Amino acid sequence: MTDQQRVLGQIERGEVLAGRDAARQIAARHEAAYGSAFTDRAEGMAALPRRAWLARVIAAAPGVWTTQRAEHALAASPFSCHRNTARKDLRALVARGVLVAADRNGRRIYTPAPVLPERNAA
């Protein structure tokens with residue numbers, strides 16, 4: 001059995017979602033899980049660069065972020081990306097000070113950076 005036959009069989013049996021209706025179902029699941037952070041275009045989210053968009057989504061849905069979570073968020077976004085792009089975006093947000101990276105059980109995790117109070121020079 002070829003990979004093509006295996007995948008087509010999975011689609012026929014309903015094991016794999018494919019097509020426009022499937023994309024809508026997946027988007028609805030993301031909306032239910034993460035709220036409107038991924039579809040909120042009222043604040044100009046679609047006009048933002050990808051990494052700025054991801055930073056806003058992370059701020060709207062704080063907690064532990066992994067490459068997989070970022071990849072799923074970006075999949076439901078106006079942008080198209082792969083796992084490696086999500087990983088690079090998370091690293092760039094660490095470099096900007098938006099996220100803090102740590103290792104947990106051998107996996108890299110990211111959390112929003114704490115906001116420090118402003119200091120006066122006086």
Side-chain angles (χ1 to χ4, degrees):
M1 174 182 281
T2 66
D3 284 343
Q4 180 181 9
Q5 291 169 328
R6 182 180 51 79
V7 171
L8 290 175
Q10 289 174 328
I11 292 170
E12 288 174 10
R13 292 187 299 275
E15 296 171 6
V16 176
L17 299 175
R20 288 182 184 161
D21 290 335
R24 288 186 185 99
Q25 290 175 1
I26 292 168
R29 274 191 283 177
H30 280 280
E31 182 86 19
Y34 301 110
S36 65
F38 301 106
T39 57
D40 188 5
R41 288 179 172 64
E43 296 179 31
M45 293 285 278
L48 291 173
R50 186 184 67 243
R51 287 180 179 165
W53 184 91
L54 183 59
R56 280 210 187 167
V57 170
I58 289 170
V64 174
W65 280 78
T66 61
T67 301
Q68 182 179 19
R69 186 175 177 191
E71 181 183 17
H72 288 181
L74 288 166
S77 75
F79 310 101
S80 174
C81 84
H82 298 284
R83 183 172 182 78
N84 198 40
T85 304
R87 183 180 296 118
K88 288 179 181 180
D89 286 351
L90 289 170
R91 288 180 185 164
L93 292 175
V94 168
R96 289 184 191 172
V98 174
L99 296 174
V100 175
D103 288 320
R104 182 190 293 168
N105 299 327
R107 294 181 65 196
R108 177 68 61 162
I109 62 166
Y110 302 88
T111 54
V115 178
L116 301 175
E118 290 187 31
R119 300 175 84 182
N120 292 334

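Index from 1, following the sequence. Bear in mind that the values here come from a model prediction, so they are computed numbers and not experimental data.
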Check whether any side-chain heavy atom of [X] lies under 4.5 Å from a side-chain heavy atom of [Y], and answer yes or no.
| X | Y | value |
| --- | --- | --- |
| D89 | W53 | no |
| R87 | E71 | no |
| K88 | R51 | yes |
| I58 | V98 | no |

Euclidean distance, [Y] [atom2] relative to [X] [atom1], rounded to 0.5 Å:
| X | Y | atom1 | atom2 | result |
| --- | --- | --- | --- | --- |
| L54 | R50 | CG | CZ | 8.5 Å |
| R91 | T67 | CZ | OG1 | 7.5 Å |
| L99 | I109 | CG | CD1 | 11.0 Å |

Checklist outcome for this item: What one should report as the nearest heavy-atom pair of G97 and A113 is O-CB, 3.1 Å

Checklist entry - Going by the salt bridge (charged side-chain N to carboxylate O under 4.0 Å, His left out) test, which pairs reach into residues 96-107, not counting sequence neighbours? => result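 Only D103-R108 qualify under salt bridge (charged side-chain N to carboxylate O under 4.0 Å, His left out).
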
